[in-house]
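Fair warning: this is a prediction, and the values are worked out from it, not measured in the lab. Because only heavy atoms are used, hydrogens play no part in the values below, and waters and symmetry mates are left out as well, while side chains stay in. Labels below follow one simple rule: chain letters A, B, ... track the order of the sequence lines, proteins then strands, and each chain is numbered from 1.
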Amino acid sequence: MPELPEVEIAARRLRESLAGRRIAAVRIVDPKLLANAAPAALAAALEGSVIDRVERRGKYLLLHAGSGPVLLVHLRMTGRFLFVEQAPETPGHPFRCLFQLAEGGVALFRDPRRFARFELREDVGGAPLAALGPDALVEPPDAARLGQLVAGRRQSIKALLMDQRRLAGLGNICAIEILYRAAIAPDRPAGELAPGELASLAEIFPAYLEWAIARQERRELVYLGERGAENVFTIYRRRGEPCPRCGTAIARRVLAGRGTYFCPGCQR
DNA sequence: CTTATCCCCTGCCGGC
DNA sequence: TGCCGGCAGGGGATAA
């Protein structure tokens with residue numbers, strides 16, 4: 001799932017359903033979930049404590065428990081928290097981790113592809129957060145700042161938008177949809193974009209993020225893989241369908257290692 | 001320094 | 001119905 005909009009919504013749900021509650025027990029089902037410590041370390045850090053603050057930075061979730069270590073959560077492709085009254089007994093609901101709350105209720109961490117990672121860090125100043133560029137939602141770059149980011153870069157504009165060290169939060173779908181709205185071809189070398197195109201990008205992508213967050217808030221943006229999920233995107237996963245702007249068939253190619261949808265007719 | 005490729009994993013979908 | 005290839009919102013490691 002997660003790009004910035006989904007991670008932002010995940011942070012809001014965690015503030016509603018997890019923050020302020022005491023964690024009675026932590027159960028790690030999949031020992032590979034915790035990237036930099038033993039499962040016992042997570043239990044020691046969280047059991048008996050209260051998550052008092054939840055932050056988002058780029059695609060990372062930060063769960064603070066008082067003065068203890070911070071738990072970094074990266075959802076990667078399929079990670080998500082579910083809040084339920086009781087831990088499921090049947091194996092029909094596999095989960096990688098479970099937080100039992102003292103006042104009742106359970107937070108489950110589901111992640112079918114098992115790419116997601118938890119990390120315990122003493123502070124937020126070092127790796128991996130220090131490597132992130134400015135947050136695409138909190139500090140959206142204006143045209144001038146974008147100009148600095150792309151200056152001299154031969155890398156494709158799509159790869160640059162997805163590079164978390166330059167700008168944190170955008171992923172494959174965001175990059176595809178934003179470049180479509182700006183009518184810029186995804187494989188254009190970033191450094192060759194004209195000032196007017198940078199201005200167009202700078203205007204479009206905060207608006208796109210707000211739109212996606214609002215949609216997700218209304219629970220309209222769901223995994224495409226979920227039963228009954230509808231593709232709400234303009235061109236993502238619409239190869240062969242006519243472009244809404246010019247009618248040309250939407251094309252797909254692999255760029256920066258990811259499936260990239262674009263309109264060969266009007267994205268220049 | 002870049003960029004490209006492979007890898008990590010499971011699940012769904014469409015075609016045959 | 002069953003099998004198989006393609007595809008999937010992430011990034012890290014490695015090679016060139």
Original post:
What are the two closest heavy atoms between A/P88 and A/L108, and how far apart are they?
Top reply: CD-CD1, 3.8 Å
Subject >> Minimum-distance nucleotide to A/E3 side chain [options: C/dG10, B/dT3, C/dA8] >> reply: C/dG10
**OP:** Spell out yes or no: do the side chain of A/R113 and the base of C/dA8 have one donor N/O and one acceptor N/O closer than 3.5 Å?
**Re:** yes
**OP:** May I ask you to verify if any side-chain N or O of A/R166 is less than 4.0 angstrom from the OP1 or OP2 atom of B/dT2?
**Re:** yes
Original post:
Between A/E55 and A/R57, is there a side-chain N and carboxylate O pair less than 4.0 Å apart?
Top reply: yes
Original post:
How do A/R252 and A/P128 order along DNA chain C: which one's closest nucleotide is nearer the 5' end?
Top reply: A/R252
**OP:** Could you state the atom-to-atom distance from CG of A/N231 to P of B/dC13 in whole Å?
**Re:** 14 Å
Original post:
So, A/R117 and A/E119, do they make that salt bridge, N to O below 4.0 Å?
Top reply: no
Subject >> Length of the line joining A/R114:CZ and C/dG11:P, which is rounded to integer Å >> reply: 20 Å
**OP:** Whole angstrom is fine here: how far is it from CZ in A/R154 over to P in B/dA4?
**Re:** 11 Å
Subject >> A/I204-A/I184 co-clustered via ILVMFWY side chain contacts under 4.5 Å >> reply: yes
**OP:** Please lay out, stage by stage, how A/T234 and A/R181 fare under the test side chain to side chain donor-acceptor pair (under 3.5 Å).
**Re:** CA-CA 9 Å; A/T234 310; A/R181 283 159 177 73; 3.0 Å; yes
Original post:
Taking for each residue the nucleotide of DNA chain B with the nearest heavy atom, is it A/S156 or A/P112 whose nucleotide lies nearer the 5' end?
Top reply: A/S156
Original post:
When hydrophobic residues are tied together by side-chain contacts of less than 4.5 Å, even through go-betweens, does A/F205 share a cluster with A/V232?
Top reply: yes
Original post:
For A/Y208 and C/dG9, what is the distance between atoms OH and P respectively, to the nearest whole Å?
Top reply: 12 Å
Original post:
Which nucleotide, C/dG11, B/dT10, C/dG9, lies nearest any side-chain atom of A/Q164?
Top reply: C/dG11
**OP:** Answer yes or no: is there an ion pair linking A/R188 with A/E192, defined by an N-O contact shorter than 4.0 Å?
**Re:** no
**OP:** Calculate the interatomic distance between A/R237 atom CZ and C/dA8 atom C1'; express it in whole Å.
**Re:** 5 Å
Subject >> Nucleotide nearest A/E6 when distance is taken to its side chain, options C/dG9, B/dT2, C/dG11 >> reply: C/dG9
Original post:
Does A/D142 come within less than 4.0 Å of A/R145, counting only side-chain N to carboxylate O?
Top reply: no
**OP:** Could you tell me whether A/R80 and A/D111 have a side-chain N and a carboxylate O separated by less than 4.0 Å?
**Re:** no
Original post:
Touch check for A/R153, heavy atoms < 4.0 angstrom, all strands: base, sugar-phosphate only, or nothing?
Top reply: sugar-phosphate
Subject >> Phosphate contact (C/dG11 OP1 or OP2) by A/R76 side-chain N/O below 4.0 Å >> reply: no
**OP:** May I ask you to evaluate whether A/Y261 reaches the phosphate of C/dA8, defined as a side-chain N or O under 4.0 Å from OP1 or OP2?
**Re:** yes
Original post:
Does A/R245 make a cation-pi contact with A/Y180 (under 6.0 Å, within 45 degrees of the axis)?
Top reply: yes
Subject >> DNA chain C: 5'-proximal contact among A/R258 and A/R239 (nearest heavy atom) >> reply: A/R239
Original post:
Starting at the 5' end of DNA chain B, which residue's closest nucleotide do you reach first, A/A256 or A/R165?
Top reply: A/R165
**OP:** Please state how far atom CD1 in A/I250 lies from atom C1' in C/dC7, giving the value in whole angstrom units.
**Re:** 18 Å
Original post:
Given Watson-Crick or G-U pairs with both distances under 3.5 Å, what dot-bracket string fits DNA chain B, with | for other-strand pairs and [ ] for crossing?
Top reply: .|||||||.|||||||
Original post:
C/dG11 P sits how many Å from A/L170 CG, rounded?
Top reply: 10 Å
Original post:
In whole angstroms, how far is the P atom of B/dG11 from the CZ atom of A/F115?
Top reply: 12 Å
Subject >> Residues within residues 54-64 of chain A bordering DNA chain B, heavy-atom distance below 4.0 Å >> reply: none
